Engineer: 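Encoded as structure tokens, here's the structure I'll be asking about.
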Amino acid sequence: MENSKQIQKAGDDAQQIQAESVTVNNGFSANDVANIFKALVPMSIQDYTKEAYRIAEERITCFENKLLPRIEEIENAIPMFADPVFQVQLKNAQRSAAVSDRKEDYELLTELIIAHVEKGANRKNRIGIQKATEIVGMIDNDALCALTVAHAISSFVPMQETAKEGLQNLNQLFTRLIYEKLPEGVDWLDHLDVLGAIRINTFGSMKKISEYYTEKLNGYACIGIKKQSDNYRRTLDLLANIKLSQEVLINNPFLDGHVCLPIFNKDAIHNMELVNANRTRNLNEKEVNALYSIWDMYDTDDQLQDEVNKKFMDMWDSFESLRTVRVWWEDISRGFSITSVGKVLAHTNAKRCDKRIPDLI
């Protein structure tokens, strides 16, 4: 891209540094990394006037103050400064920092650089990170917040055993992610679509939260098995045959006289753990198959399921942030899908807000 063999022109009062100074050897220090960062700045903002140059340089310094301490925390990050591909990514981040005065953007750009360090060897990942970096300085704060919440809806589920614990955990997540008032209308959708973070669907609409989450969390919002029924007796026999206690079942909080497995959805059976004498172990294949058989014995009744779904959503609405998400989501008038660029940006922003969130890529 830029020619790395020439002296870069800068504003009258700005320091000029030869690109040839960006030479790295194995074993270089954090101080060398800081010098490399500064050496790239003139190339990143060379087209600005003297007045704009000063402002851009100040903003990039704010980004530098966020990035370099994080780089020192990440294993194998410092040697990446020798990689031409990484230097291109770093210059893109500097350019985005130059056009933003939001400190949150500097944190977001820092996490995108870290994502490049950790996952950038894969070209598909690298392109997504690069494109996300380019739009950080262009995206409205409320649109980014909305994108992050939308991504969280589609990507994150609670892992707790009971519905109340799971919804408490989900509420904590959304409380951290809703750092701005969520936008209304359609302007924010158009904005994200123009930036390539989402694609608006001309036809179709989004599922309501009540429909979406009762399906996604069907281990919480389930009928289960009625006590004293034939299926209940079969369930107890099945547990006895594989020497599992009936305590593996819990009372259904949404339906009196029914029991269910302590999972958020059917797929979670594979990840269930048993605790015995303060020791935790994974289920063996025989136990997993038995629990799937128990799931298959759950009652199916449309009227009872509607009752469970209503009580589940009553519990959902009892949490302030979850209710905010539901009301906002169900007011969105257009359907949309999040692009790979939008996912990288939203997930990185979510990690900035909540450090517990795992890597996306």
Side-chain angles (χ1 to χ4, degrees), residues 142-160 163-164 166-178 181-193 196-224 253-255 260 263-268 295 298 300-347 349-350 357 360:
D142 61 350
L144 176 58
C145 182
L147 177 67
T148 305
V149 170
H151 170 69
I153 290 171
S154 65
S155 301
F156 304 142
V157 291
M159 305 294 289
Q160 284 69 30
K164 186 174 183 179
L167 294 185
Q168 282 175 335
N169 186 270
L170 205 57
N171 185 69
Q172 290 173 0
L173 170 65
F174 282 114
T175 298
R176 292 184 176 97
L177 298 186
I178 303 173
K181 186 180 184 299
L182 292 169
E184 300 173 353
V186 297
D187 288 350
W188 67 276
L189 290 167
D190 291 333
H191 176 62
L192 292 175
D193 187 68
I198 67 169
R199 292 191 183 93
I200 294 175
N201 302 325
T202 306
F203 303 102
S205 59
M206 312 301 285
K207 280 187 177 181
K208 290 186 177 297
I209 288 291
S210 56
E211 181 182 2
Y212 177 75
Y213 272 105
T214 53
E215 292 176 1
K216 195 166 189 175
L217 302 180
N218 58 5
Y220 294 158
C222 65
I223 298 173
F254 303 119
L255 204 57
C260 55
I263 50 177
F264 66 91
N265 67 22
K266 183 178 181 179
D267 293 337
W295 177 280
Y298 277 16
T300 56
D301 181 285
D302 290 344
Q303 186 173 347
L304 285 178
Q305 189 63 58
D306 288 343
E307 180 182 342
V308 167
N309 291 352
K310 181 181 183 306
K311 290 180 178 178
F312 174 82
M313 290 311 302
D314 287 343
M315 181 181 286
W316 178 283
D317 279 346
S318 70
F319 295 97
E320 182 178 357
S321 292
L322 294 186
R323 184 179 184 281
T324 297
V325 167
R326 182 186 64 77
V327 171
W328 169 75
W329 183 262
E330 293 181 357
D331 193 48
I332 297 174
S333 60
R334 296 183 184 177
F336 66 91
S337 58
I338 303 176
T339 66
S340 58
V341 174
K343 288 178 182 177
V344 169
L345 187 58
H347 198 92
N349 192 46
I357 293 174
L360 170 66

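Given the structure is predicted, the values throughout are model-derived calculations rather than measurements. Side chains are part of it too, since the values below use all heavy atoms of this structure and drop only hydrogens, waters and symmetry mates.
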Engineer: Residues in salt bridge (charged side-chain N to carboxylate O under 4.0 Å, His left out) with Lys216, at least two apart?
Structural biologist: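 So Lys216 forms no salt bridge (charged side-chain N to carboxylate O under 4.0 Å, His left out) with any residue.
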Engineer: Ignoring hydrogens and geometry, is there a side-chain-to-backbone donor-acceptor pair from Asn169 to Pro158 under 3.5 Å?
Structural biologist: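 Checked: no pair found.
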Engineer: Is there a donor-acceptor pair under 3.5 Å between the side chain of Ser155 and the backbone N or O of Ala152?
Structural biologist: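 Side chain of Ser155 to backbone of Ala152: no pair is present.
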Engineer: Please report the interatomic distance CG(Leu170) to CE(Met159), rounded to the nearest 0.5 Å.
Structural biologist: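 Rounded to the nearest 0.5 Å, the CG-CE separation comes to 12.5 Å.
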Engineer: How long is the straight-line distance from CD1 of Ile209 back to CE of Met206, given to the nearest 0.5 Å?
Structural biologist: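 Reported value, rounded in 0.5 Å steps: 9.0 Å.
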Engineer: Is any NZ, NE, NH1 or NH2 atom of the basic residue among Arg334 and Asp190 found under 4.0 Å from an Asp or Glu carboxylate oxygen of the other?
Structural biologist: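 Counted as a salt bridge, because a side-chain N and a carboxylate O are separated by less than 4.0 Å.
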Engineer: For atom CD of Glu215, is the number of surrounding heavy atoms from other residues, nucleotides or ligands below 6.0 Å larger than 12?
Structural biologist: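 Atom CD in Glu215 is crowded, with more than 12 foreign heavy atoms closer than 6.0 Å.
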Engineer: Heavy atoms only: give me the nearest Ala346-Thr148 pair and the separation to one decimal.
Structural biologist: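 It is O-CG2, 3.6 Å.
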Engineer: Take Val308 and Cys222 through the side-chain contact (heavy atoms from CB on, under 4.5 Å) test and state the conclusion after the steps.
Structural biologist: CA-CA 7 Å; Val308 167; Cys222 65; 5.8 Å; no
Engineer: If I take atom SG from residue Cys145 and atom CH2 from residue Trp188, how far apart are they, to the nearest 0.5 angstrom?
Structural biologist: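 Nearest 0.5 Å value for the SG-CH2 distance: 10.0 Å.
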Engineer: Is it true that a side-chain atom of Asp301 and a backbone atom of Leu304 form a donor plus acceptor pair closer than 3.5 Å?
Structural biologist: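 Between the backbone of Leu304 and the side chain of Asp301 there is a qualifying donor-acceptor contact (under 3.5 Å).
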Engineer: Donor-acceptor pair, Trp295 side chain versus Lys266 backbone, under 3.5 Å?
Structural biologist: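 Between the backbone of Lys266 and the side chain of Trp295 there is no qualifying donor-acceptor contact (under 3.5 Å).
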Engineer: Go through the steps for Ile357 and Leu173 under the test side-chain contact (heavy atoms from CB on, under 4.5 Å), then give the verdict.
Structural biologist: CA-CA 9 Å; Ile357 293 174; Leu173 170 65; 3.8 Å; yes
Engineer: Please tell me if the side chains of Phe254 and Met315 come closer than 4.5 Å, counting only heavy atoms from C-beta onward.
Structural biologist: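 The answer is yes; the side chains approach within 4.5 Å.
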Engineer: I need the Lys311 NZ to Leu255 CG distance, nearest 0.5 Å.
Structural biologist: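 Rounded to the nearest 0.5 Å, the NZ-CG separation comes out at 6.0 Å.
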Engineer: With a 4.5 Å cut-off on side-chain heavy atoms, are Leu167 and Phe312 touching?
Structural biologist: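 They are in contact (side-chain heavy atoms under 4.5 Å apart), so the answer is yes.
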Engineer: Kindly indicate whether the side chain of Arg326, heavy atoms from C-beta on, has any atom under 4.5 Å from the side chain of Trp316.
Structural biologist: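 In short, these two side chains touch, coming nearer than 4.5 Å.
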Engineer: Report yes if the side chains of Phe174 and Phe319 come closer than 4.5 Å at any heavy-atom pair, otherwise no.
Structural biologist: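 With C-beta onward as the side chain, the pair stays apart.
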Engineer: According to the salt bridge (charged side-chain N to carboxylate O under 4.0 Å, His left out) rule, which pairs have a member within residues 168-177, sequence neighbours left out?
Structural biologist: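 The answer is Arg176-Asp354.
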Engineer: Using atom types as modelled and distance alone, determine if a side-chain donor or acceptor of Tyr213 lies under 3.5 Å from a backbone N or O of Met313.
Structural biologist: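 Here the side-chain-to-backbone pair does not exist.
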Engineer: Could you tell me whether the side chain of Leu322 reaches within less than 4.5 Å of the side chain of Asp317, counting heavy atoms only?
Structural biologist: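 The answer is no, as the side chains (C-beta and beyond) never meet within the 4.5 Å cut-off.
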Engineer: Please examine the side chains of Asn349 and Leu144, heavy atoms only from C-beta on, and report whether any two atoms are closer than 4.5 Å.
Structural biologist: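 Sidechains of Asn349 and Leu144: in contact.
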Engineer: Quick one: SG on Cys260 to CG on Asn218, what's the gap to the nearest 0.5 Å?
Structural biologist: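 Going from the SG atom of Cys260 to the CG atom of Asn218 covers 11.0 Å.
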Engineer: Please evaluate residues Trp329 and Leu182 with respect to the criterion side-chain contact (heavy atoms from CB on, under 4.5 Å), reporting the C-alpha separation (whole Å), side-chain torsions for both, the decisive distance (0.1 Å), and the verdict.
Structural biologist: CA-CA 10 Å; Trp329 183 262; Leu182 292 169; over 6 Å; no
Engineer: Before accepting this row, confirm whether a basic side-chain N of the pair Lys310/Asp314 lies closer than 4.0 Å to the acidic partner's carboxylate O.
Structural biologist: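 A salt bridge links Lys310 with Asp314.
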Engineer: Look at atom CD of Glu184 and say whether more than 12 heavy atoms of other residues, nucleotides or ligands are closer to it than 6.0 Å.
Structural biologist: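 Not more than 12 within 6.0 Å, no.
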Engineer: Do Gln305 and Asn309 have side-chain atoms, one donor and one acceptor, less than 3.5 Å apart?
Structural biologist: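 Yes, because at least one side-chain N or O of Gln305 sits under 3.5 Å from a partner of the opposite role on Asn309.
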Engineer: Is the closest side-chain heavy-atom distance between Ile198 and Asp193 below 4.5 Å?
Structural biologist: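 Yes; the side chains approach each other to less than 4.5 Å.
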Engineer: Do the ring planes of His151 and Phe156 sit parallel (below 30°), tilted (30 to 60°) or perpendicular (above 60°)?
Structural biologist: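 Plane angle over 60°, so perpendicular.
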Engineer: Quick one: does Ile332's side chain get under 4.5 Å of Leu189's, heavy atoms only?
Structural biologist: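 Answer yes - side chains close enough.
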Engineer: Could Lys181 and Asp142 be called an ion pair, given the rule that one side-chain N must be under 4.0 Å from one carboxylate O?
Structural biologist: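 Here Lys181 does not pair with Asp142 in a salt bridge, since their nearest N and O are not under 4.0 Å apart.
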